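What follows is a single structure, and I will ask about it in a moment.
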Amino acid sequence: VPSVIWEDKNVPGEAKYIYAYIFTKGIGRYIVDINIGELQQTLKIKNKGLKRNLEILSKLKYLIYEEYANGMYTIKLA
């Protein structure tokens, strides 16, 4: 995981863990598909919380995401 995200004070701790999960799942790829159920196995989070954190990461230009079904996302790492 790039150290710049860990040092960025604008990114909440939960969003950093979500980014780390996405980054490790997408190693060697730029586009990753995830669903809320995958994350719920490691983090206690609901779809609303995931969406909020993805929005923060998107605004800070760390990733681009699209929700194609309820709780299912396509994410492009920036």
Side-chain angles (χ1 to χ4, degrees):
V1 177
S3 61
V4 68
I5 196 162
W6 294 110
E7 296 165 4
D8 191 341
K9 303 227 185 282
N10 295 319
V11 180
E14 187 177 52
K16 291 177 184 181
Y17 288 113
I18 291 168
Y19 184 86
Y21 178 86
I22 294 165
F23 186 84
T24 54
K25 184 175 180 188
I27 282 281
R29 296 184 295 173
Y30 292 106
I31 297 177
V32 180
D33 286 320
I34 65 164
N35 66 54
I36 186 65
E38 289 178 55
L39 276 170
Q40 286 176 333
Q41 293 177 13
T42 56
L43 284 174
K44 188 174 181 181
I45 191 168
K46 294 185 179 185
N47 190 38
K48 203 178 267 189
L50 174 59
K51 198 171 198 174
R52 185 184 70 241
N53 284 300
L54 289 176
E55 187 64 35
I56 291 168
L57 292 167
S58 178
K59 284 182 181 175
L60 295 172
K61 308 237 187 277
Y62 287 112
L63 55 78
I64 300 168
Y65 78 96
E66 178 184 353
E67 185 175 21
Y68 60 89
N70 189 29
M72 301 180 83
Y73 298 88
T74 297
I75 298 170
K76 181 180 180 201
L77 299 175

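Since we're looking at a predicted model, the values are computed, not measured. Residues take their numbers from the sequence shown, with the count starting at 1.
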> Going by heavy atoms in the side chains, are Tyr73 and Leu50 under 4.5 Å from each other?
Replying inline: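 They are in contact (side-chain heavy atoms under 4.5 Å apart), so the answer is yes.
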>> Is the shortest side-chain heavy-atom distance between Glu67 and Asn47 below 4.5 Å?
In response: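 Contact flag for Glu67/Asn47 side chains = yes.
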> Distance from Ile18 atom CD1 to Ile34 atom CD1, nearest 0.5 Å?
Replying inline: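 If I round to the nearest 0.5 Å, the distance is 7.5 Å.
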> If you link I, L, V, M, F, W and Y whenever their side-chain heavy atoms are under 4.5 Å apart, who else ends up in the same group as Met72?
Replying inline: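 Members other than Met72 - counting any ILVMFWY side chain reachable under 4.5 Å - are Tyr68.
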>> Would you compute the distance between atom CD of Gln40 and atom CG of Asn35 and round it to the nearest 0.5 angstrom?
In response: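 Spacing of CD (Gln40) from CG (Asn35) equals 8.5 Å.
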> Which residue pairs satisfy the salt bridge (charged side-chain N to carboxylate O under 4.0 Å, His left out) criterion with at least one member in residues 68-78, sequence neighbours excluded?
Replying inline: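 Output for this query is empty, none listed.
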> Atom CG of Leu57 and atom NZ of Lys16: how far apart are they, to the nearest 0.5 Å?
Replying inline: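 Answer for the CG-NZ pair, Leu57 versus Lys16, is 10.5 Å.
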>> Working to the nearest 0.5 angstrom, can you tell me the gap between Tyr17 OH and Leu39 CG?
In response: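 The CG atom of Leu39 is 14.0 Å from OH of Tyr17, to the nearest 0.5 Å.
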> NZ of Lys51 to NZ of Lys46: how many Å apart, nearest 0.5 Å?
Replying inline: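 If we round to the nearest 0.5 Å, Lys51:NZ and Lys46:NZ are 15.5 Å apart.
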> Heavy-atom distance under 4.5 Å between the side chains of Leu77 and Tyr19, does that happen here?
Replying inline: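 The answer is yes, as the side chains (C-beta and beyond) meet within the 4.5 Å cut-off.
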>> So Tyr62 and Val11, do their side chains get closer than 4.5 Å, heavy atoms only?
In response: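 Result yes, sub-4.5 Å side-chain heavy-atom pair found.
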>> With rounding to the nearest 0.5 angstrom, report the OH to CD1 distance, Tyr21 to Ile45.
In response: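 It comes to 12.0 Å.
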